[in-house]
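These numbers come from the heavy atoms of this one structure, side chains and all, not from hydrogens, waters or symmetry mates.
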Amino acid sequence: MPKSKNLLLTSKRRKSKFKKQKLHQHEPESLFPEKKVEEEDEDEGGFKLKIAAPSQEHGVQPLGNLYFNPGSVNVRNTGLGNLQILSDELVLDILGLLGASHLGILATVTKSFYIFANHEPLWRNLVLEELKGEFLFNGSWKSTYVAAYHPKFQFSGDGESNLKIIDFYSDYLFQSWLCANLEMKPKWLRRDNITRVRGISVEEFITKFEEPNKPVLLEGCLDGWPAIEKWSRDYLIKVVGDVEFAVGPVEMTLENYFWYSDGAREERPLYLFDPKFAEKVPVLDSEYDVPVYFREDLFGVLGNERPDYRWIIIGPAGSGSSFHIDPNSTSAWNAVITGSKKWVLFPPDVVPPGVHPSPDGAEVACPVSIIEWFMNFYDDTKDWEKKPIECICKAGEVMFVPNGWWHLVINLEESIAITQNYASRSNLLNVLEFLKKPNAKELVSGTTDRENLHDKFKKAIEGVYPGTIQELEKKAEEAKRVEEQRVSFWDSAKSDSFKFSF
């Protein structure tokens, strides 16, 4: 599912205190744990790191460890001098204004500045801003930057630091490393409460899921897709050649992206998310079909003027999309071709914990990364009356996401998927209402003509499907009238002066 472009995401890292505990590597857990009759509420203890996780970058420790070493002084503060009153996040924001040379000089001033100036996201930003997609990942972002400008310089590219700083304590920096190297806990994967169906009719899908606006996982929809058999790494690299695809803020060849995804170990891996893949490589368009349940796509009346609506999605384990609502009030389907994805969905009237949308919906503040949300907020929902819908969607399966639903997706392994957003008769009125909002210029996405999209779309619908909008409006009014006239038993009893006698 595409991250809605109308939602300007603001990352907020929740302050958390880490107890001193053993962080250890382990053999991988089963990706799909056996379901249990009752969900276990108890925490499974500690954190488990991914196999081959690097040691903590530069020796940074969680702040809680300082209290177990009463004789220690946090070199974070002594090394920052008067800047120690600033939060770690603000210090990094300031350093983000510097270029590579100044960061390199600053790293030689104190141990504290050494750690801050080598923070990997700073160098990631420099690489993406200066090199765009023309880089070959070299194990770390700083090493990648240095190798691009000084190829003869011998720089360790394994992401390991040769310099470890003693007595540097920071929850913010430690959590960034932890989120990049943490295994998904089994309890985060255990809940599976979505409805799964196979072989239902289109009419049944519309009646049971599309019209009531309920998510569902569809099995057996992709059995005839050539993509299921063909889309391996080697095949895709051969077919696409030097064509570049949208990866975050840059464009990269698929071969270079796979090279990056194999070597990267970071909190928010770059995600390949391209809306023009079919135009760039037409053979890919011919190797999948829209499942029968989603073939009524009314935005098709706009032809080439329709907003972006379909994407090829490729990403390593840990990549994905943080909580968002899909653009333009559309519904969507997401078909997994290879790999597997963990989904968490909340209905339109339930805002996920840790997510803070602005009143007009134009901005959303959320945790820095998906793993951070699981660490800090997932357990908040266990006592909620309206629990989220969760599942693991595997290769060959399709997720239906109704309009207005909040959803988060994380790849549990390297995954390739196709997703499309669409408008059918079931949600046409919702789409039209969304497109004519007063702040449509900020909310509408996927097109350069945001302000006029409503009028163009409505006019095209009336031309191709005359009377459809009026018919849907009439049905909606009838349904609303029935709902208003529906009186509960207790209201009826009260109005008729009904009394119980005991």
Side-chain angles (χ1 to χ4, degrees), residues 1-3 31-32 133 137 184 189 217-248 250-266 268-291 294 308-322 324 326 332-343 370 391-401 407-422:
M1 222 72 50
K3 189 175 294 184
L31 198 58
F32 309 111
F137 192 72
M184 290 285 287
L189 304 176
L217 192 147
L218 300 158
E219 301 174 344
C221 294
L222 315 183
D223 293 345
W225 281 21
I228 293 292
E229 301 295 329
K230 290 185 175 183
W231 285 16
S232 65
R233 269 193 179 198
D234 291 340
Y235 174 78
L236 290 176
I237 290 173
K238 179 181 178 181
V239 167
V240 306
D242 294 330
V243 174
E244 294 186 338
F245 293 89
V247 177
V250 301
E251 293 208 341
M252 300 175 65
T253 65
L254 196 53
E255 186 172 16
N256 284 353
Y257 176 74
F258 281 134
W259 180 272
Y260 155 80
S261 66
D262 283 342
R265 184 62 61 82
E266 55 184 332
R268 294 175 296 148
L270 291 174
Y271 208 14
L272 190 153
F273 222 106
D274 197 290
K276 305 297 182 185
F277 73 97
E279 292 84 351
K280 293 176 179 178
V281 189
V283 67
L284 298 182
D285 187 30
S286 68
E287 292 177 344
Y288 83 95
D289 291 309
V290 176
F294 314 110
D308 292 339
Y309 70 104
R310 59 179 177 177
W311 293 259
I312 187 173
I313 311 172
I314 303 176
S319 61
S321 298
S322 56
H324 64 284
D326 278 346
W333 57 269
N334 186 299
V336 179
I337 297 171
T338 66
S340 56
K341 298 173 180 284
K342 166 72 180 185
W343 286 76
I370 298 170
C391 69
I392 292 174
C393 188
K394 295 175 272 189
E397 299 177 337
V398 177
M399 172 68 69
F400 167 63
V401 182
H407 52 285
L408 167 153
V409 191
I410 182 170
N411 292 317
L412 301 179
E413 55 189 312
E414 181 176 277
S415 301
I416 301 172
I418 293 288
T419 187
Q420 290 195 191
N421 289 69
Y422 74 101

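- Here the closest non-hydrogen pair linking Phe245 and Phe277 is CE2-CB, 3.9 Å.
- Residues Pro291 and Trp225 approach most closely at CD-CZ2, 4.2 Å, considering heavy atoms.
- Rounded to the nearest 0.5 angstrom, Asn334 CG and Asp326 CG are separated by 9.5 Å.
- For Trp259 and Phe137, the ring centers are positioned 6.0 Å apart or more.
- In this structure, Trp343 and His407 have parallel ring planes: the angle between them is below the 30° cut-off, well short of the 60° mark.
- The two residues Ile337 and Ala395 have their closest heavy-atom pair at O-CB, 3.5 Å.
- Taking CG of Leu236 as the reference point, atom CG of Leu284 lies at 6.5 Å (rounded to 0.5 Å).
- The shortest non-hydrogen separation linking Ile392 to Ser340 is CG2-CB, 4.2 Å.
- For Tyr257 (side chain) and Leu270 (main-chain N/O), a donor-acceptor pair under 3.5 Å exists by modelled atom type.
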Apply side chain to side chain contact (heavy atoms under 4.5 Å, CB included) to Lys230 and Val239, showing your working. CA-CA 11 Å; Lys230 290 185 175 183; Val239 167; over 6 Å; no

Evaluate the side chain to side chain contact (heavy atoms under 4.5 Å, CB included) criterion for residues Glu244 and Asp242: first the C-alpha distance (whole Å), next the side-chain angles of each, then the deciding distance (0.1 Å), finally the verdict. CA-CA 6 Å; Glu244 294 186 338; Asp242 294 330; over 6 Å; no

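- The main-chain N or O of Ile416 is found under 3.5 Å from a side-chain atom of Thr338 such that the two form a donor-acceptor pair.
- Considering only residues two or more places apart in sequence or on other chains, Ser286 meets the side chain to side chain contact (heavy atoms under 4.5 Å, CB included) condition with Val283.
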Stepwise, does the side chain to side chain contact (heavy atoms under 4.5 Å, CB included) test hold for Glu279 with Asp285? CA-CA 8 Å; Glu279 292 84 351; Asp285 187 30; over 6 Å; no

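- The OH atom of Tyr309 sits 5.5 Å away from the CD atom of Gln420 when rounded to the nearest 0.5 Å.
- Separating the CD1 atom in Ile314 from the CG atom in Leu254 is a distance of 5.0 Å, to the nearest 0.5 Å.
- Side chains of Ile313 and Leu272 form no contact here, defined as non-hydrogen atoms less than 4.5 Å apart.
- The pair Lys280-Glu251 meets the salt-bridge criterion, with a side-chain N (NZ, NE, NH1 or NH2) lying under 4.0 Å from an Asp/Glu carboxylate O.
- Using a 4.5 Å heavy-atom threshold, the side chains of Glu287 and Trp231 count as touching.
- Contact annotation: the side chain of Glu414 approaches that of Arg233 to within less than 4.5 Å [non-hydrogen atoms, C-beta and beyond].
- Heavy atoms only, all atoms of each residue included: Cys221 and Val398 are closest at CB-CG2, 4.0 Å.
- Atom SG of Cys391 and atom NZ of Lys342 lie 7.5 Å apart (nearest 0.5 Å).
- In this structure a side-chain-to-backbone donor-acceptor pair under 3.5 Å is missing from Asn421 to Ala332.
- Side-chain atoms of Leu412 and Leu189, non-hydrogen and from C-beta on, do get closer than 4.5 Å to each other.
- Residues Val290 and Phe294 approach most closely at CG1-O, 3.7 Å, considering heavy atoms.
- Scanning for side chain to side chain contact (heavy atoms under 4.5 Å, CB included) contacts around Ser319 gives Pro269, Tyr271, Pro316, Asn411, with sequence neighbours left out.
- Here Arg310 contributes atom CZ and Thr419 contributes atom OG1; the two are 12.0 Å apart, rounded to the nearest 0.5 Å.
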